[in-house]
Each structure stands twice: as C-alpha cells, then as structure tokens.
Amino acid sequence: WYTALLAARDRIEEAIDILDSAVRHFSRTNIAVRTDLALLLVMNGQFAEAEEHLSSCLEFTSADNPLLVFHLALLFEAQDRLMEAVTPVMKLLNENPLELDSLPVEQALEKRDTHGLLCGLYALLVGRIGAKEPASQMLDILLELKAKRPAVSCLELALACIGAEKLDDAVSWLRRSAFEQFDPMAMWFHRFPPLRHLRAHRAFRALLSDLHLTQ
C-alpha cells in the first residue's frame, strides 16, 4: 500500500523502483507483487515492461490464475488490444457473451469470486468491442448481485456501466465507491486505465477534484 500511495501522489516511478527491487531480490514468484508491479507499469504507460512481467508469471502459475487474467486484460485494454483482452476473461468466466441471458444469478454469484472486478471488466471489454447487449446483461446481473450483497464493489459496477455506455451511472458508482465504500482503489481513479474513458466527463472531473487527484 505504500507503493500504491506513492503512485497515487504522482511518484509512480519511485513506486515502480521499489516493487521492481522486491521482485528481483525476494518476490520473483509472488503473483501478488508481480501483478501489482505490472499494474503500476501499465498506469505509467510502460506496456512492454508490464507484459514481460506478466508473461514471466507463467513460469510459476497457471494461465487461468484470476489475478494474472485480470491484469493481462487491463494491460491489453489499455492498449486497445481488445480481443486479446476479452478472450482470456471469457475463458475464465466460461461464458459465451451472446448467452449471458441464460446465466443464473446464483451462478454469477459464485463466479464473481474469481476476482472482485473481473465481471465488471468483462462488461467493459465486450461493450468496447461492440457487444452492447452482453455488456448490459452483465451489468444487470451485477446490479442483482449488489441487491443481494451490498458489499459488491461499486467500482466493478462502474466498469460495467462504461461498457454499457451509461457514463453518468458509472461516475455515480465511482462516487459511492470513494465516499461510501472507502475503496482504496479510489486513490487511483485518475490513473486506473479503464477509467480513462471518463476523462471528458464533467462529473468525473469533479469527482477527481473532490478526491484531490491530479487530472
């Protein structure tokens, strides 16, 4: 979290150096540290370095590891490599995006445990490749899950809203994420790659200002 705070305060190169040193000296096979480092590299636009670190994770973990799949999808989405981003997510969720209407809510409830933001990122990705109906269907599933489990991430709902092109709703969920759920990810709203699609949105800029984040 120290390196996360550094990154949030625009000292991202310093944060990257710390995590890179940790990986090289004693955390080479720690998937959490490797993916944290990769995320900082992605946020800093160092895509090749991030991909190298994530690819190296295959030496000690499965290609289906949810942390690895999620961070690879973030990397590819940030570069607009959308099919490369969505394919492993679809595989992990084991769903055809054209058949999401057949996914029972209770089954979705189980699947969301693979990663706290993965379903929301899936909706964003399929929405970005033009599959608006599956994106909206996943958003509806997440809203049902939210009704059953209030602790469901508001950030995840915001990602799904971006995919469904409901940008006002996306910003509303981000505001709840920051000021009701006190999500630590709020410190990265100005850098988190999928949220770049909101940068022209007036309410999102106001949120960043309220959070004292550099726009």
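Note that the numbering runs from 1 along the sequence shown for the chain. These numbers come from the heavy atoms of this one structure, side chains and all, not from hydrogens, waters or symmetry mates.
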key: Exercise: do N44 and Q46 side chains pair donor with acceptor under 3.5 Å   = yes
From CA spacing to verdict: salt bridge (Lys or Arg N to Asp or Glu O under 4.0 Å), E77, R196 = CA-CA 11 Å; E77 195 278 335; R196 71 190 187 281; 2.7 Å; yes
message = Show the nearest heavy-atom pair for residues L213 and A186, with the distance to one decimal.
response = CD1-O, 3.4 Å
ask   = Taking atom CZ of F179 and atom CG of L174, what is their separation to the nearest 0.5 Å?
value = 11.0 Å
key: Distance in Å, L41 CG paired with H53 NE2, rounded so as to fall on 0.5 Å steps   = 5.5 Å
task = Determine whether L19 and L5 fall in the same hydrophobic cluster, where Ile, Leu, Val, Met, Phe, Trp and Tyr are linked whenever their side-chain heavy atoms lie under 4.5 Å apart.
result = no
remark   = Heavy atoms of A7 and W188 approach each other most closely as CB-NE1, 3.8 Å
ask   = Would L211 and L6 show up in the same hydrophobic cluster when neighbours are defined by side-chain heavy atoms closer than 4.5 Å?
value = no
query = Considering residues at least two apart in sequence or located in another chain, which fulfil the salt bridge (charged side-chain N to carboxylate O under 4.0 Å, His left out) criterion with K132?
reply = E165
query = D183 and C154: side-chain contact (heavy atoms from CB on, under 4.5 Å), yes or no, with the steps?
reply = CA-CA 9 Å; D183 190 334; C154 292; over 6 Å; no
Common cluster, M83/V89, ILVMFWY with side-chain heavy-atom separation under 4.5 Å = yes
remark   = When rounded to the nearest 0.5 Å, the distance separating CZ of F204 from CG of L167 is 11.0 Å
task = Rounded to the nearest 0.5 Å, what's the gap from CG on L195 to CG on L155? Could you check?
result = 6.5 Å
task = Please report the C-alpha distance between L159 and W173 in whole Å, then the side-chain angles of each, then the deciding distance to 0.1 Å, and finally whether the side-chain contact (heavy atoms from CB on, under 4.5 Å) criterion is met.
result = CA-CA 9 Å; L159 296 180; W173 284 114; over 6 Å; no
ask   = What pairs meet the salt bridge (charged side-chain N to carboxylate O under 4.0 Å, His left out) rule with one or both residues in residues 52-66, with sequence neighbours excluded?
value = R28-E59, D64-K91
query = Closest heavy-atom contact between L142 and A160?
reply = CD1-CB, 3.8 Å
query = Can you name the closest pair of heavy atoms from R175 and L207 and give their distance?
reply = NH2-CA, 3.5 Å
message = Counting C-beta onward and ignoring hydrogens, is there a side-chain heavy-atom pair between I162 and R128 closer than 4.5 Å?
response = no
task = Compare all side-chain heavy atoms of V42 with those of Q79 and state whether any distance is below 4.5 angstrom.
result = no
note = The side chain to side chain contact (heavy atoms under 4.5 Å, CB included) partners of T61 (sequence neighbours excluded) come to I31, C57, N65, L68
task = Decide side-chain contact (heavy atoms from CB on, under 4.5 Å) for F47 and R81; before the verdict, give the C-alpha distance in whole Å, the side-chain angles of both, and the deciding distance to 0.1 Å.
result = CA-CA 12 Å; F47 300 131; R81 295 161 60 182; over 6 Å; no
inquiry  = I'd like to know if the side chain of Q181 reaches the main chain of V152, judged simply by a donor and an acceptor atom lying under 3.5 Å from each other, with no hydrogens or angles considered.
reply    = yes
ask   = At their closest point, which heavy atom of P193 faces which heavy atom of M43, and how far apart are they?
value = CD-CG, 3.9 Å
query = What residues form a side chain to side chain contact (heavy atoms under 4.5 Å, CB included) with A63, not counting sequence neighbours?
reply = L58
inquiry  = Please list all pairs meeting salt bridge (charged side-chain N to carboxylate O under 4.0 Å, His left out) that have one or both residues in residues 30-40, counting only residues at least two apart or in different chains.
reply    = none
message = Testing the basics here: between F60 and T29, what is the closest heavy-atom pair and its distance to 0.1 Å?
response = CE1-O, 3.3 Å
ask   = Who passes side chain to side chain contact (heavy atoms under 4.5 Å, CB included) against R202, sequence neighbours left out?
value = R205
task = Rounded to the nearest 0.5 Å, what's the gap from OG on S177 to CE on M185? Could you check?
result = 8.5 Å
ask   = E51 side chain to L75 main-chain N or O, any donor-acceptor pair under 3.5 Å?
value = no
task = Evaluate side-chain contact (heavy atoms from CB on, under 4.5 Å) for K166 paired with L139, printing each intermediate quantity in order.
result = CA-CA 10 Å; K166 297 183 176 182; L139 174 59; 4.0 Å; yes
key: Between CD1 on residue I18 and CZ on residue R11, distance to nearest 0.5 Å   = 8.0 Å
query = Should W1 and V23 be regarded as members of a common hydrophobic cluster, given that ILVMFWY residues are connected when their side-chain heavy atoms come within less than 4.5 Å of each other, either directly or indirectly?
reply = yes
message = For D17, is there any backbone N or O sitting under 3.5 Å from a side-chain donor or acceptor partner on S21?
response = no
